[in-house]
Amino acid sequence: MKGGIAVLDFGGQYSHLICRRIRGLGVYASLFPFDTPLVELEKMGVAAVILSGGPASVYDSSSPHPDEKLLHGSLPVLGICYGYQLIVQANGGEVGRASKREYGKSSLKITERSGLFTGIAQDKISCWMSHSDSALRLPEGMAVLGVSDNSPYAAVRSSDGKLFGVQFHPEVAHTEKGDAILSNFIFNVSGAKRGWDMSGFLSETITDLESRIDGRVLCAVSGGVDSSVASVLLNRAVPEMLQCVFIDTGLLRHGEAAEVSKFLHDDLRVPIEFVDASQQFLSRLKGVADPEEKRKIIGKVFAEVFESYARTHGPFKFLAQGTLYPDVIESGRSSAPASIIKTHHNVGGLPKDLSMAVVEPLKELYKDEVRSLGALLGLPAKVLQRHPFPGPGLAVRIIGEVTDEKLRACRDSNRVVEEVLVEEGIYNKVWQGFAYLGDDRVTGVLGDERKVGYQVTVKLVESIDAMTADWYRATPEVLEKISTRITNEVEGVVSVVYAISSKPPATIEPQ
Ligand code: XMP
């Protein structure tokens, strides 16, 4: 931690993302509880502290507060959103309800370049906001560095240049120059040391797994980037202990099982067995329309199939999973007081009574970090660049009951979207591209006949880490090609629409 950055977690959705961004800049950063005492941080030798955002209001009596001494500049401190408001309040300013709440994209006008904005040429940058409170009056001596559409104090610094505050989120990908702003704080203001990189993480993780794993490990793989990287990592660390299993839920993408067999089993020599459980999943999903219920059933059947495999092929001492940090936080499993967004990410669906110790070697990482790790481990680029696919599979892309007809239409439409993105050379520009459908039927004309058919929604999103996302500005030609191919090739679909909501407020998957 010496020379690194401590991020104090006030429960914001993006707290861990701040660490991830700073690690991306080559500086070690770690998340700490919001009330970590200053003396402990000083003992660890941290170069600076970042106070995260959070859902509380600083003026509520029950709101989380840090060690008071931190708010007066004994170490360089950057407060983000809620963290910024703590600094304002503690130094004699006033925080209250904003006259206009700001959620999503806003525009920041830089009014002073010193500190956070050094070297940023533009006068205006777009930034990501998510707050309903704001600084109403600044403490004596605090200078304004930037103003936004609705915040006259969107970025500030103390007179001694040790305390900084921003109302926006520099850590999210949709804030322009966010990395430059963080970089200015960690290198220019606090003098942090570079020294963190992915090959260091790889060798440390292998050493850690070698010393910890002293029995057989079972690892469920789905063909997705996360579980593939986890399985190859384990195969590197403890090859003689590893057994992987691929459960076909019947809700997978077109050709998925065959592809996984080719690259993991044939090419990378990972020990893997395939279990076709599609009938079990599909029959249990019959007649179920409620999204939470569907997810619960899938989690339950997955656990049953997995458990039966573990019992018949065991004993296994460890259960390995490719859980990433966003899965942990979005499932409400993080220790921070973050509000829960979704309950369905696959960390919720583990068999509870297997008496296996859980191993999650990627749980500190984000998707882009896992891709870099996978590249170091020799996974093919095609696998690493494959768009994320949710654990519950196409069931979350089918609104209402999962019927054979909808499943086929959904799978075929997803195949078309992927194929067009590859053909058009934009697959890697898009974080995730897919199609979903519900029970909506619209009237179409096929030949001379009027025919009622499904309406498919196509969604292409840009993101860095899935915590926030924006819709991809596809060209009309790409949209036309996708639409024409879906209505021509996918039986029963007569209409295609394009989704243009960002996250937040929408999530990436429709359910
Ligand atoms: P949302 O829809 O929550 O998705 O914005 C964020 C990212 O996570 C993926 N996702 C899932 N991944 N199990 C998973 O492993 C799930 O249940 C799940 N639901 C969503 C989603 O595809 C996106 O990349």
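These figures come from a predicted structure and were not determined experimentally. Just so you know, ligand 1 is whichever comes first in the structure, and atom 1 is the first atom listed for that ligand.
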Per-residue contact class, K503 against ligand 1 - non-hydrogen pairs under 4.0 Å: side chain
Closest candidate by heavy atom, reference atom 13 (N) of ligand 1, pool G299, P388, G391: G391
Residues that Y309 engages under side chain to side chain donor-acceptor pair (under 3.5 Å), provided they are two or more places apart: E273
Presence of salt bridge, R386 and E418, under 4.0 angstrom: yes
Presence of salt bridge, E491 and R408, under 4.0 angstrom: no
For ligand 1, which atoms have a heavy atom of [X] less than 4.0 angstrom away?
X: P392; value: 13 (N), 16 (C), 17 (O)
X: A466; value: 6 (C), 7 (C)
X: W431; value: 24 (O)
X: Q432; value: 21 (C), 22 (O), 23 (C), 24 (O)

Main-chain N/O of L479 paired to S483 side chain as donor or acceptor, under 3.5 Å: no
Side-chain heavy atoms of V456 within contact of V490, under 4.5 Å: no
